[in-house]
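Shown next, in structure tokens, is the structure this report addresses.
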Amino acid sequence: MVIFDMSVHLVKHTPGVIGVLDLQGGVHEHLEHLERLGIPYARVKQPEDFADLAGLIIPGGESTCLARLLEIFELKEVVLQHYLRGMKIWGTCAGAILLADKVVDDKPCLGLIDMEIERNSFGSQLDSFQSEAIIKAVSTEPIPLTFIRAPKILRVGKDVNVLLRIDDYIAAAESDGIVVTVFHPELTGCLALHRYFALKCGLSPAAENPSDVNRGWENVSWMKLARIAS
Amino acid sequence: MDAKRYELNVQLAQMLKGGVIMDVTNVEQAKIAEEAGAVAVMALERVPSDIRKDGGVARMSDPGMIAEIKKAVSIPVMAKARIGHFVEAQLLEALRIDYIDESEVLTPADEECHIDKTKFSIPFVCGARNLGEALRRIAEGAAMIRTKGEAGTGNVVEAVRHMRTMNREIRQLAQMPVEEVTGFAKTNGLPYELALKVKELGRLPVVNFAAGGLATPADAALMMQLGCDGVFVGSGIRRWDWARPCRAWKSGRFRRSRFWQSGDGNL
């Protein structure tokens, strides 16, 4: 373990890297999925980490904490600036809340997609659930969906395309530069949404194969990227 | 709880990684904690430092207070049940909070048995001083582990001891040939199947937070660099001034620095 080697943060990314915002939440889980897809990945934390990123994933976590940290680290402007440069952004769960331009009973954070979202819309952890659905734009196979104290997208603007609607709410949507999902594909064995996002970023992930929906996949797979200090 | 529910409960803990969980005793403190960026709050009637001072029997908090806090914040709400007191756990589950801490900070209700956490749908976090305790709690259904530390003292030494012990035992396990695992598991009181899992993963199979005596942001960062996934803070901090460290967290001096990173942060 090299804690004080700051050169790690100075490495320039070549175009074609997808970054995962490494402030709080399910970071390793996304990295593990990108690794399985053969996509170059990086944790991003400092302003210089964003240089040349083709895409950025804002992971699940607590949206109030992530919003606070984006402000403290002065990263909000950096994200906006790189979004304007053409970096695509995908927000899962808390990430989707940060990207929305309207949040029920709260201020928006990045406000990059025209939609209204309600935080923690299902109830407590006892109301968290797993399900599955076909998302036509993404895959012809049913995709496993994991909702953890999830938000609901209540409505989207006219330039936003609904990817998945369930009952009275929207669970996934996209605009030109943004993808949002209120569920957690990184907590399932399925790579389909990571593949979809990589393609949207102009990258070429490993060829599609049956392990895209690998039911034998273990939720602990992220842990090889999160071993104890030695 | 069935396997799916357990997986969801472990996954909620995953979403708390890299975060700070704060002890709060009323709605006002809960709101301050949420605004300061806490990923969850632990609703308590008395913080551990007061429990230590006052003595007597420490029990589950007043359900009315817990319900008020739950209403006031959108982040997850945790509350403590006494070790082995499964009816307190049933009450907390009925309150529909997000996590139960089966906690040694309260007076134990059962000196032999912990709660059979597999009977519940709600997730549990349990304290551990070493790998054996951690894996036995997981075998009983805990979805998250934290170090016991020494709550209410403002002294981080026990939390460090517990984390170092766990890490040492995990490293030993990871390096030994598989035929030695049986003996190691027997000596250290590890459930065998879980010991094999830890050996394969090189870490605990659930999220592991630091708790018990963390008083400053530097203490929290110390535990993160020792390999914890996140931290509980509260009563140790309140011992000197609840607002001051909250301001320190808010200013983000430490969070912005290179000191705040998990042990694996640079791998």
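As the structure is a computational prediction, the values presented were derived from the model and not from experiment. In what follows, chains carry the letters A, B, and so on, assigned in the order in which the sequence lines appear, proteins first and then strands, with residues in each chain numbered from 1.
- If you check the side chains of B:Q11 and A:E29, you find no donor sitting under 3.5 Å from an acceptor.
- Contacts of B:N208 with chain A are absent, with no heavy-atom separation under 4.5 Å from either backbone or side chain.
- Distance check: A:S128 OG to B:M15 CE gives 10.5 Å after rounding to the nearest 0.5 Å.
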(request) Evaluate the side-chain contact (heavy atoms from CB on, under 4.5 Å) criterion for residues B:K197 and A:V220: first the C-alpha distance (whole Å), next the side-chain angles of each, then the deciding distance (0.1 Å), finally the verdict. (result) CA-CA 10 Å; B:K197 192 85 210 163; A:V220 292; 4.0 Å; yes
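- Between A:Q125 and B:L8, the shortest heavy-atom distance links the atoms NE2-O, 3.2 Å.
- Options B:P76, B:G202, B:P123 differ in how many heavy-atom pairs under 4.5 Å they form with chain A, and the most are formed by B:P76.
- For B:R168, no part sits under 4.5 Å from any heavy atom of chain A, backbone or side chain.
- Applying the 6.0 Å contact sphere to CG of B:D2 captures more than 12 heavy atoms from other residues, nucleotides or ligands.
- Rounding to the nearest 0.5 angstrom, the gap separating the CD atom in A:E118 from the OG atom in B:S74 is 11.0 Å.
- Closest heavy-atom contact between B:V206 and A:M223: N-CE, 3.7 Å.
- The local environment of CD in B:E28 is sparse, with at most 12 non-hydrogen atoms from other residues, nucleotides or ligands closer than 6.0 Å.
- Surrounding CZ of A:R155 are more than 12 heavy atoms belonging to other residues, nucleotides or ligands, all under 6.0 Å away.
- Summarising the local packing, OH of A:Y196 is surrounded by more than 12 heavy atoms from other residues, nucleotides or ligands at distances under 6.0 Å.
- Here the shortest heavy-atom pairing between B:R96 and A:S124 reads O-CB, 3.1 Å.
- One finds the CD atom of A:Q130 at 5.0 Å from the CD atom of B:E7 (value rounded to the nearest 0.5 Å).
- Considering CZ of A:R149 and CG of B:D98, their distance stands at 4.0 Å, rounded to 0.5 Å.
- With a 4.5 Å cut-off on non-hydrogen atoms, A:I148 touches chain B through its side chain but not through its backbone.
- Here the shortest heavy-atom pairing between A:L126 and B:I97 reads CD1-O, 4.4 Å.
- Applying the 6.0 Å contact sphere to CZ of B:R129 captures no more than 12 heavy atoms from other residues, nucleotides or ligands.
- Counting all heavy atoms, side chain and backbone alike, A:L187 lies closest to B:Q14 at CD2-NE2, 3.4 Å.
- Surrounding NZ of B:K199 are more than 12 heavy atoms belonging to other residues, nucleotides or ligands, all under 6.0 Å away.
- A:Q24 places a side-chain N or O within 3.5 Å of a backbone atom of B:K17 that can act as its donor or acceptor partner.
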